[in-house]
J.: 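Below you will find the structure I want to go over with you.
Computed from a predicted model, the values in this text were never measured in an experiment. Just so you know, these numbers use all the heavy atoms, side chains as well, and skip hydrogens, waters and symmetry mates. Both counts, for ligands and for their atoms, begin at 1 and track the order of listing.
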Amino acid sequence: MPQWTLVTGANRGLGLEFVRQSLASGAHVVAACRQPGRATALNALAGEYPGRLRLLPLDVTDARSRDELVRELPLAVGDDGRIDRLINNAGVLHSGERFGHLAAATLDDSLQTNVVGPLLLTQALAPWLVDGARVANLSSTLGSIASTVRFGTPSYAISKAALNMATVQLACALADRGIVVVALHPGWVRTDMGGEQADLDPAQAVAGLLARIDALGGGDSGRFLDADGRVLPW
Ligand SMILES: NC(=O)c1ccc[n+]([C@@H]2O[C@H](COP(=O)([O-])OP(=O)(O)OC[C@H]3O[C@@H](n4cnc5c(N)ncnc54)[C@H](OP(=O)(O)O)[C@@H]3O)[C@@H](O)[C@H]2O)c1
């Protein structure tokens, strides 16, 4: 029975690198992104790895799009295909927020993209996860309540704090199937979101994260970790 890695926000940044490295290590991959037709790098990879990469459309904020992905999954992975790694990577950071000018739309979009989307997608995909699967939610130390000492990117920070709680809720909900759910901080990475000054290139960051995901044990479920396996403060 083929087992698949499913990556959201797979067309650029860390998501694209998750796809690349998963394919290189022999995995079958479902790459979900908003506009697969425009995802040039993903389409090139599909040519390089015939039969091992499927592209599906997904806007994580859109209930119909999430439902459609679940409906199309059997066509992509086969009736007996299952997911053994779900990487909830899609995320958004609205920069430039200033106190006194916070906007409901920015908060709402951050919550829909960074929390509601991954939580409800994981719920919808639960029947497709193998027992013992790994679910990795891409979080951030900016969502650490204990570490926050200054005002900055509040919509993002609030949404990642909420994603951490969603991670613990999912870990509890899926525990009886041995499914391990974690919130992972990738480090500060040179992507469109991280910017050019960031510490890590995507290849380094994703190599560490994939190694961490593969090394997870049952006792790790519900934890907030970095790529070295350090437990981060809530
Ligand atoms: N880079 C860092 O330093 C850093 C640090 C901590 C945590 N993270 C987290 O790591 C994850 C990946 O970050 P990144 O640096 O690769 O970000 P990025 O370069 O900005 O890429 C974001 C990805 O998410 C997708 N996305 C955004 N909204 C979406 C939606 N509604 N539906 C589906 N896909 C959507 C984007 O697709 P489009 O191309 O369609 O917009 C894109 O593929 C995020 O969750 C981020 O919060 C990153």
J.: Which of the numbered atoms in ligand 1 are below 4.0 angstrom from a heavy atom of Thr61?
T.: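 So the atoms of ligand 1 that pass are 31 (N).
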
J.: Is it true that Asp192 and Arg12 have a side-chain N and a carboxylate O under 4.0 angstrom from each other?
T.: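 Between Arg12 and Asp192 there is a salt bridge, with a charged N closer than 4.0 Å to a carboxylate O.
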
J.: Could you check if a side-chain atom of Asp109 sits within less than 4.5 angstrom of a side-chain atom of His94, using non-hydrogen atoms only?
T.: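 Asp109 reaches His94 side chain to side chain.
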
J.: Same cluster or not: Val231 versus Met165, using hydrophobic residues (I, L, V, M, F, W, Y) connected whenever any side-chain heavy atoms lie under 4.5 Å apart?
T.: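 No, Val231 and Met165 fall in different hydrophobic clusters.
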
J.: If we set the cut-off at 4.0 Å for heavy atoms, which region of Asp62 has an atom near ligand 1: side chain, backbone, both, or neither?
T.: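 Neither part.
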
J.: How far is atom 17 (O) of ligand 1 from the closest protein heavy atom, and which atom is that?
T.: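 So the nearest neighbour among protein heavy atoms is Met193 CB, 3.5 Å.
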
J.: Check the hydrophobic clustering (I, L, V, M, F, W, Y; side-chain heavy atoms under 4.5 Å; chains of links allowed) and say if Val30 and Leu121 are grouped together.
T.: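 Yes; tracing contacts between hydrophobic side chains, which count when under 4.5 Å, links both residues.
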
J.: So, 4.0 Å and heavy atoms of Arg190: is ligand 1 close enough to count as a contact?
T.: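 For ligand 1, residue contact (heavy atoms, under 4.0 Å) with Arg190 is absent.
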
J.: What are the two closest heavy atoms between Leu56 and Ala76, and how far apart are they?
T.: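 Nearest heavy atoms, Leu56 then Ala76: CD1-CB, 4.1 Å.
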
J.: Does any N or O atom in His185 lie less than 3.5 angstrom from one in ligand 1, N or O only?
T.: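 Among all N and O atoms of His185, none is under 3.5 Å from an N or O of ligand 1.
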
J.: In plain terms, say whether Asp67 and Arg64 are close enough for a salt bridge, that is, a side-chain N and a carboxylate O under 4.0 Å apart.
T.: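 Judged by the 4.0 Å cut-off on N to carboxylate O distance, Asp67 and Arg64 do not form a salt bridge.
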
J.: Just jot down the ligand 1 atoms closer than 4.0 angstrom to any heavy atom of Trp188, in number order.
T.: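 Heavy-atom distances to Trp188 below 4.0 Å select 3 (O).
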
J.: Of all the atoms in ligand 1, which lie at a distance below 4.0 Å from a heavy atom belonging to Asn89?
T.: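 Those of ligand 1 that fall under 4.0 Å from Asn89 are 11 (C), 12 (C), 44 (C), 45 (O).
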
J.: Provide the number and element of each atom of ligand 1 under 4.0 Å from a heavy atom of Tyr156.
T.: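 That gives atoms 6 (C), 7 (C), 8 (N), 9 (C), 46 (C), 47 (O) of ligand 1.
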
J.: Which atoms of ligand 1 sit under 4.0 Å from any heavy atom of Leu58?
T.: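 Per the distance check, 32 (N), 33 (C).
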
J.: For atom 23 (C) of ligand 1, what's the nearest protein heavy atom and its distance?
T.: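 Nearest protein contact, heavy atoms only, for atom 23 (C) of ligand 1 is Gly9 O, 4.1 Å.
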
J.: Would you check if there is a donor-acceptor pair between the side chains of Glu97 and Thr106 at a distance under 3.5 Å?
T.: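 Looking only at side-chain atoms, Glu97 and Thr106 do not form any donor-acceptor pair under 3.5 Å.
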
J.: Taking distance alone, with N or O pairs closer than 3.5 Å, would you say Pro186 contacts ligand 1?
T.: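 No, since none of the N or O atoms of Pro186 sits under 3.5 Å from an N or O of ligand 1.
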
J.: Just which atoms of ligand 1 are under 4.0 Å from any heavy atom in Val60?
T.: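 Those of ligand 1 that fall under 4.0 Å from Val60 are 30 (C), 31 (N), 32 (N), 33 (C).
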
J.: Under a 4.0 angstrom heavy-atom cut-off, which atoms of ligand 1 come close to Asp192?
T.: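 Those qualifying, in numeric order: 19 (O).
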
J.: Looking only at protein heavy atoms, which one is nearest to atom 15 (O) of ligand 1, and what is the separation?
T.: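 Here the closest protein heavy atom is Thr191 OG1, 2.5 Å.
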
J.: How about Asn137 and Leu184: do any of their side-chain heavy atoms sit closer than 4.5 Å?
T.: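 The answer is no; the side chains never approach within 4.5 Å.
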
J.: At under 4.0 Å between heavy atoms, is it the side chain or the backbone of Arg34 that contacts ligand 1, or both, or neither?
T.: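 The answer is the side chain.
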
J.: Are any of the N/O atoms on Arg12, whether in the backbone or the side chain, positioned under 3.5 angstrom from an N/O atom of ligand 1?
T.: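 Yes.
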
J.: Note the single closest protein heavy atom to atom 7 (C) of ligand 1, along with its residue, its atom name and the distance in Å.
T.: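 Closest protein heavy atom to atom 7 (C) of ligand 1: Ser139 O, 3.0 Å.
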
J.: Which residue owns the protein heavy atom closest to atom 2 (C) of ligand 1, what's the atom, and how far is it?
T.: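 Result for atom 2 (C) of ligand 1: Val189 N, 3.6 Å.
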
J.: Work out whether the distance between some heavy atom of Asp59 and some atom of ligand 1 is less than 4.0 Å.
T.: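 Asp59 counts as a contact of ligand 1 under the 4.0 Å cut-off.
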
J.: So which heavy atom in the protein is nearest atom 16 (O) of ligand 1, and how far is it from that ligand atom?
T.: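 Minimum-distance protein heavy atom for atom 16 (O) of ligand 1 reads Leu14 N, 2.8 Å.
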
J.: With a heavy-atom distance limit of 4.0 Å, tell me whether Gln35 approaches ligand 1 through its side chain, its backbone, both, or neither.
T.: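 Neither part.
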
J.: Group every Ile, Leu, Val, Met, Phe, Trp and Tyr by side-chain heavy-atom contacts under 4.5 Å, then state whether Leu55 and Val60 land in the same group.
T.: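 No, it is not one cluster - the side chains of Leu55 and Val60 are not joined through contacts under 4.5 Å.
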
J.: In plain terms, say whether Arg212 and Asp226 are close enough for a salt bridge, that is, a side-chain N and a carboxylate O under 4.0 Å apart.
T.: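 Not counted as a salt bridge, because no side-chain N and carboxylate O are separated by less than 4.0 Å.
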
J.: How far is atom 22 (C) of ligand 1 from the closest protein heavy atom, and which atom is that?
T.: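 The closest heavy atom on the protein side is Gly91 O, 3.7 Å.
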
J.: Can you tell me how the ring of Trp4 sits relative to the ring of His28, calling it parallel under 30°, perpendicular over 60° and tilted otherwise?
T.: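 Ring orientation, 0 to 90° scale: perpendicular.
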
J.: Minimum distance, heavy atoms only, to atom 4 (C) of ligand 1: which one of Gly194, Ser140, Gly187 is it?
T.: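 Going through Gly194, Ser140, Gly187 one by one, Gly187 has the nearest heavy atom to atom 4 (C) of ligand 1.
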
J.: Looking at side-chain heavy atoms only, is the closest gap between Arg66 and Leu69 below 4.5 Å?
T.: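 No; the side chains remain at least 4.5 Å from each other.
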
J.: Is it the case that the side chains of Ser159 and Asn114 hold a donor-acceptor pair, with the cut-off being a distance below 3.5 Å and no angle test?
T.: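 Yes, side-chain donor-acceptor contact under 3.5 Å.
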
J.: Just to be sure I'm reading this right: ignoring hydrogens, which of Ala198, Gly15, Ala90, Gly143 gets closest to atom 26 (N) of ligand 1? Compare them by their nearest heavy atoms.
T.: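 Result: the heavy atom closest to atom 26 (N) of ligand 1 is in Ala90.
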
J.: Nearest to atom 43 (O) of ligand 1, what protein heavy atom do you find, and at what distance?
T.: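 Minimum-distance protein heavy atom for atom 43 (O) of ligand 1 reads Asn11 OD1, 2.7 Å.
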
J.: Numbering the atoms of ligand 1 from 1, which are under 4.0 Å from a heavy atom of Gly13?
T.: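 Close to Gly13: 16 (O), 19 (O).
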
J.: Would you sort out whether Asn89 and Thr8 count as a side-chain hydrogen bond (donor to acceptor under 3.5 Å, both in side chains), showing the intermediate values?
T.: CA-CA 5 Å; Asn89 164 80; Thr8 69; 5.2 Å; no

J.: May I ask you to decide if Ser22's main-chain N or O and Ser25's side chain share a donor-acceptor pair within less than 3.5 Å?
T.: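 Pair found, side chain donor or acceptor close to backbone of Ser22.
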
